[in-house]
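Taking it in order: structure first as structure tokens, then the write-up.
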Amino acid sequence: MSSEYLSPWAKNIAPSPTLAVDAKAKALKAAGEDVCGFGAGEPDFDTPQFIKDACAKALADGKTKYAAAPGLPELRQSLAEQYHQQGVLAEANPAQVVVSPGGKYSCYLAILATCGPGDEVLIPAPYWVSYPEMVKLAGATPKVVLAGDDQGFKITPEQVKEAITPATKLIILNSPSNPTGCLYDREEMEAIMDLAISKNLLVMSDEIYEYLLYDGSVHHRPASFCKEAQDRVITVSGFSKTFSMTGWRLGTLVANPTIAKAVANLQSQTSSNATTFAQYGALAAVQNWEDSMQAVNEMLVHFDRRRLVLLDGLNNIPGIECLRSQGAFYLFPKVSSFGLSSEEFSAQLLDQEKVAVVSGHAFGADGYIRLSYATSDEIIQKGLSRIEEFCSNLK
Ligand SMILES: *Cc1c(COP(=O)(O)O)cnc(C)c1O
């Protein structure tokens, strides 16, 4: 059948390039090739055992039926209490929390609940690949603002001010960032929030990497800054990255009661609840927070060591420049000095040296590549020497 049968939504949507790189690397591996994969956007650890146990118990106890569409009441309550303690919610009101099938779906519903035709959404680049596609699916227009490594991959209030038009409805923030690992400090975040508030804009703050921080860095939640911010910010997060639970499909969204209700309605008509027994695992994670943070800290020791090895290794390769990241598990080095587009660079790197990275082009930033260090120390060492070999041949 020809594609004329497809809807405008289906015709215009691009497949996720990060999942595509991962699929290609896996296919090469399956064909017997020795691939060094830096494409993965997921932690390489197992989910902490006590979380798996709580889910297994729920399954054994017959928690296999539909649950309330916006999430298990006890999970929403626990999350509401936590967000209240963090200043994101004025009160521990579970009606302002929605548990969804993945942080990705939380983002989509946040956009769908607030943006439509005629609206512009400000997306700082380098951006997470799905934001522009989600904005287009909502019928709204993405407006991309680029922040290069010379400004730490962070947009300035001046850039925001310049990009705002009467049609601007929403600003998307993602700190710590995928793909750069950069983190906005309090002042930088506050300056953007002040602008958003003065221009009556909404903010979607994607905080999926909020607990993956290095060098003693502190994550700032924009919703916690003031009363207006609590009202205007939609805070999105989830369990995938923090607890190595990508396959569980569990995301969260916190917003003012009007938006939270709209998101819950959209979810009730398009997906119903996130998997019931999986939510019991998440409940154990939230209710045993000390154990959870201990598990995260164990993973962070490994992430941090690999981050520094990869960072050093990349910066030691003539022609590559890489900023020191402060969060998540990605580095985003500049490779433009080799005179190739980042798509050509990453395609040739995979072809010639069997090293899988994602082209910066996918994140709205040509001239860079993204490497995930959610992989073994051995792969990092081997990958680095192959990248070095590849680059020395380009010179
Ligand atoms: C991984 C990721 C998400 C969501 O992940 P889920 O697995 O859907 O929970 C959201 N935003 C960013 C920036 C991510 O990297």
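Start at 1 and go down the list; that is how both ligands and their atoms are numbered. In this text the structure is predicted, and so the values were computed from the model without any measurement.
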Review point. Is there a donor in the side chain of Q348 and an acceptor in the side chain of E344, or the other way round, less than 3.5 Å apart?
Key: no

Practice item. Assess whether ring pair (Phe, Tyr, Trp, His ring centres under 6.0 Å) is satisfied between Y330 and F38, documenting all intermediate values. Key: CA-CA 9 Å; Y330 309 102; F38 293 94; over 10 Å; no

Practice item. Look at atom 9 (O) of ligand 1 and say which protein heavy atom is nearest, naming residue and atom and giving the distance to 0.1 Å. Key: G103 N, 2.6 Å

**Study point:** Aromatic plane relationship, Y368 with F332 - under 30° parallel, 30 to 60° tilted, over 60° perpendicular
**Key:** parallel

Point to revise | Per-atom contacts of ligand 1 with G102, taking only distances under 4.0 Å to non-hydrogen atoms | key: 8 (O), 9 (O)

Exercise for review: Show the numbers, then the answer: is there a salt bridge (Lys or Arg N to Asp or Glu O under 4.0 Å) between D46 and K52?
Suggested key: CA-CA 10 Å; D46 197 3; K52 294 206 291 187; 2.7 Å; yes

Check your understanding: At under 4.0 Å between heavy atoms, which part of R249 makes contact with ligand 1: side chain, backbone, both or neither?
Key -> side chain

Point to revise | Y105 and Y108 aromatic ring geometry - parallel, tilted or perpendicular at 30°/60° bounds | key: tilted

Review point. Under 4.0 angstrom from ligand 1, any heavy atom of Y209?
Key: yes

Practice item. Decide whether an N or O pair under 3.5 Å exists between Y131 and ligand 1. Key: no

Practice item. For the residue pair R232 and N256, confirm or rule out a side-chain donor-acceptor distance under 3.5 Å. Key: no

Review point. Should the proximity of V236 to ligand 1, defined as any heavy atom under 4.0 Å, be assigned to the side chain, the backbone, both, or neither?
Key: neither

Point to revise | L250-ligand 1 polar pair, N/O distance under 3.5 Å | key: no

Check your understanding: Nearest non-hydrogen atom to atom 2 (C) of ligand 1 belongs to which of K241, K104, E42, E207?
Key -> K241

Review point. Of all the heavy atoms in S240, does at least one lie under 4.0 Å from an atom in ligand 1?
Key: yes

Review point. For atom 11 (N) of ligand 1, which protein heavy atom lies nearest, and how many Å away is it?
Key: D206 OD2, 2.6 Å

Review point. Among D215, D312, D377, which residue meets the salt bridge (charged side-chain N to carboxylate O under 4.0 Å, His left out) test with R307?
Key: D215

